[in-house]
Amino acid sequence: MVIRLDDKFVKPFISEEEINAIAPEIEAAAKTLREGTGKGSDMRGWLNLPENYDRAEFARIKAAAAKIKKTSDVFIVIGIGGSYLGARAVVEFLGSSRYNQLRRGTPEIYFSGCNISGSDLEELLSICEGKDFCINVISKSGTTTEPAVAFRYFRALLEKKYGTDGARERIFVTTDKARGTLKQFSDEAGYETFVVPDDVGGRFSVLSAVGLLPIAVSGVDIDELMGGAADAMRVLSAEGIENNDAYKYAAIRNILYRKGKCVEILVGYEPYQQMFCEWWKQLMGESEGKDGKGLYPSSVIFSTDLHSLGQYIQSGKRTMFETVLSVENPDSNAELPYDSANIDGLNFLAGMKMSDVNKTAMNGTLLAHVDGGVPNVVIRLADRSTRSLGYMIYFFEFACAVSGYVLGVNPFDQPGVEAYKKNMFALLGKPGYEEMTEQLRARL
């Protein structure tokens with residue numbers, strides 16, 4: 001098994017009877033998902049995407065990635081939310097949070113359009129000065145403020161450096177197949193375009209062109225990534241909660257939620273897992289946080305965050321549980337050296353692998369937190385391979401959708417996201433928002 005759910009550390013808090021009692025709900029939710037009879041059923045394209053994807057576009061993605069790698073020192077990915085989180089999560093999980101310093105034969109990759117910070121934008125523009133670079137702007141409509149602003153700046157810099165014709169060869173656009181201002185503009189300008197699928201929401205889109213082009217530019221084998229997701233798709237088709245760890249994970253989450261746990265913390269033990277945690281938070285938070293319901297998704301990287309949040313998790317309010325991500329076969333062989341002075345008293349660890357010390361820290365923390373009243377679920381991932389990561393991405397997507405239906409929400413919409421956008425447009429004086437502008441300004 002690529003992923004094994006270890007429920008040993010949640011059993012003190014959930015009985016077998018409770019698992020059996022919720023099992024029919026889980027299986028009904030999975031049936032609803034597969035048959036497309038629930039809310040948001042038109043947004044289930046991700047469900048079969050690992051096998052049912054556009055092979056011709058997939059080949060174009062590989063060709064574009066090869067072109068970008070050959071012609072660029074820097075690659076700028078412009079997008080927000082699901083338009084960048086999945087790609088960045090994969091690049092750093094399989095590479096490193098220091099990817100730009102450690103890369104071999106691939107461009108530096110930076111992400112823009114994910115905030116409205118002028119200083120961050122100016123820093124990225126300065127990085128591109130004097131270097132060859134390409135950009136990939138990712139937006140279904142082209143009118144989302146954050147990426148639209150960044151696209152203006154980087155397009156202007158490209159045209160200044162290479163001219164209109166030269167810039168055309170360095171701008172890659174991932175957008176709607178046929179509609180929207182960005183699609184129309186790209187067609188008129190002659191940019192190469194890739195498709196944001198109509199039936200795949202942003203937070204589920206990492207295995208589409210949205211995520212695959214940046215991932216391929218980083219040197220990741222996207223065939224292996226899709227292969228791992230296809231493996232998960234087949235394994236997780238198993239019926240019965242006893243045969244399906246995604247079912248079991250969804251069950252545990254909902255049982256703990258009904259018991260008053262309102263916060264789920266995804267725990268990683270490696271810095272390269274940080275952005276995967278950020279992707280997971282959007283997946284879970286945007287899918288379940290609606291109608292006054294849902295677990296609040298949080299994350300930590302231990303042992304680092306044990307020295308900042310460990311006290312609260314150990315002894316604070318008992319409103320949370322932890323889902324621990326454990327990579328079973330670590331890829332580092334670093335050993336602790338012997339020190340003749342032994343000033344730190346750690347010579348008893350000399351010759352031990354750092355990965356073993358890290359695993360011991362995980363086990364010690366598991367026991368401490370469970371003793372402190374915090375349920376822990378352990379997701380044991382076989383290794384840090386491309387195929388295993390593809391499997392894990394699909395595992396969490398599938399479990400999230402099932403869990404959302406059990407919760408009683410539409411796991412595929414995000415109506416609350418639009419509220420801040422409308423307010424921002426009104427306060428900025430966008431035409432058509434005049435009445436709303438006056439009302440909002442009066443409240444400030």
Side-chain angles (χ1 to χ4, degrees), residues 43 46 74-92 109-125 127-128 134-157 171-176 179-183 185-186 191 193-198 200-215 217-218 274-287 289-290 297 299 393 397 412-428 430:
M43 297 301 290
W46 60 272
V74 172
F75 183 50
I76 302 291
V77 181
I78 300 172
I80 195 166
S83 294
Y84 92 100
L85 277 172
R88 187 168 179 182
V90 172
V91 170
E92 295 195 9
I109 300 178
Y110 297 96
F111 296 86
S112 186
C114 45
N115 55 52
I116 317 178
S117 167
S119 59
D120 185 68
L121 183 60
E122 287 177 344
E123 289 170 4
L124 289 175
L125 289 167
I127 286 172
C128 293
C134 291
I135 66 173
N136 175 208
V137 58
I138 307 164
S139 175
K140 192 166 181 63
S141 66
T143 59
T144 302
T145 304
E146 295 89 342
V149 167
F151 185 36
R152 284 192 175 203
Y153 276 91
F154 285 102
R155 186 173 78 249
L157 185 60
I171 296 175
F172 301 84
V173 178
T174 309
T175 188
D176 191 90
R179 302 182 301 273
T181 58
L182 183 57
K183 173 60 176 173
F185 180 79
S186 299
Y191 303 147
T193 61
F194 301 94
V195 176
V196 178
D198 286 336
V200 179
R203 58 190 177 274
F204 290 88
S205 68
V206 60
L207 298 177
S208 73
V210 171
L212 291 178
L213 179 57
I215 290 168
V217 170
S218 76
Q274 178 67 60
M275 289 309 301
F276 184 86
C277 290
E278 296 301 315
W279 170 82
W280 175 89
K281 285 193 287 190
Q282 186 197 5
L283 178 70
M284 295 300 185
E286 205 167 72
S287 296
K290 56 201 72 167
S299 67
I393 287 169
E397 288 179 342
F412 306 117
D413 67 354
Q414 53 280 336
V417 174
E418 300 304 315
Y420 95 89
K421 294 181 183 179
K422 292 178 181 178
N423 286 351
M424 182 174 68
F425 284 148
L427 290 169
L428 287 171
K430 184 175 182 178

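We're numbering straight along the sequence, starting at 1.
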Got [X] and [Y] here, is their nearest side-chain heavy-atom distance under 4.5 Å?
{"X": "Y110", "Y": "V74", "value": "yes"}
{"X": "E146", "Y": "N115", "value": "no"}
{"X": "L207", "Y": "W46", "value": "no"}
{"X": "I109", "Y": "R88", "value": "no"}
{"X": "S112", "Y": "Y153", "value": "no"}
{"X": "T143", "Y": "K421", "value": "no"}
{"X": "F204", "Y": "S287", "value": "yes"}
{"X": "R203", "Y": "Q414", "value": "yes"}

Next item on the list: Tell me, yes or no, whether the heavy-atom count around K422 atom NZ, taken from other residues, nucleotides or ligands under 6.0 Å, exceeds 12.
Entry: no

Next item on the list: Please indicate whether F425 has more than 12 foreign heavy atoms, meaning atoms of other residues, nucleotides or ligands, lying under 6.0 Å from its CZ.
Entry: yes

Next item on the list: Determine, stepwise, if the pair S299 / F276 fulfils side-chain contact (heavy atoms from CB on, under 4.5 Å).
Entry: CA-CA 10 Å; S299 67; F276 184 86; over 6 Å; no

Minimum-distance pair of heavy atoms, taken over all atoms of [X] and [Y]:
{"X": "A209", "Y": "F194", "result": "CB-CB, 3.7 Å"}
{"X": "S205", "Y": "V210", "result": "OG-CG1, 3.4 Å"}
{"X": "K183", "Y": "D176", "result": "CD-O, 3.5 Å"}
{"X": "V206", "Y": "V90", "result": "CG2-CG2, 4.2 Å"}
{"X": "S186", "Y": "T193", "result": "CB-CG2, 3.6 Å"}
{"X": "G86", "Y": "W279", "result": "CA-CD1, 3.5 Å"}

Please round to the nearest 0.5 Å and tell me the distance separating atom [atom1] of [X] and atom [atom2] of [Y].
{"X": "C114", "Y": "E278", "atom1": "SG", "atom2": "CD", "value": "11.0 Å"}
{"X": "I76", "Y": "I127", "atom1": "CD1", "atom2": "CD1", "value": "7.0 Å"}
{"X": "T145", "Y": "I116", "atom1": "OG1", "atom2": "CD1", "value": "6.0 Å"}
{"X": "D413", "Y": "E286", "atom1": "CG", "atom2": "CD", "value": "9.0 Å"}
{"X": "E122", "Y": "S117", "atom1": "CD", "atom2": "OG", "value": "8.5 Å"}

Item checked: Candidate list L182, T175, I78, test side-chain contact (heavy atoms from CB on, under 4.5 Å), partner S139, passing option -> L182

Next item on the list: Mind running side-chain contact (heavy atoms from CB on, under 4.5 Å) on F154 and L121 for me, showing each step along the way?
Entry: CA-CA 9 Å; F154 285 102; L121 183 60; 3.6 Å; yes

Next item on the list: Using the side-chain contact (heavy atoms from CB on, under 4.5 Å) rule, take V196 and S208 through it: C-alpha gap first, then chi angles, then the decisive distance, then the call.
Entry: CA-CA 7 Å; V196 178; S208 73; over 6 Å; no

Notebook entry, point to check: Is the cationic atom of R155 (NZ for Lys, CZ for Arg) positioned less than 6.0 Å from the six-membered ring centroid of F151 and within 45 degrees of its normal?
Noted result: yes

Please confirm whether the backbone N or O of [Y] pairs with a side-chain atom of [X], one donor and one acceptor, at under 3.5 Å?
{"X": "T144", "Y": "P147", "answer": "no"}
{"X": "E92", "Y": "Q274", "answer": "no"}
{"X": "K290", "Y": "P415", "answer": "no"}

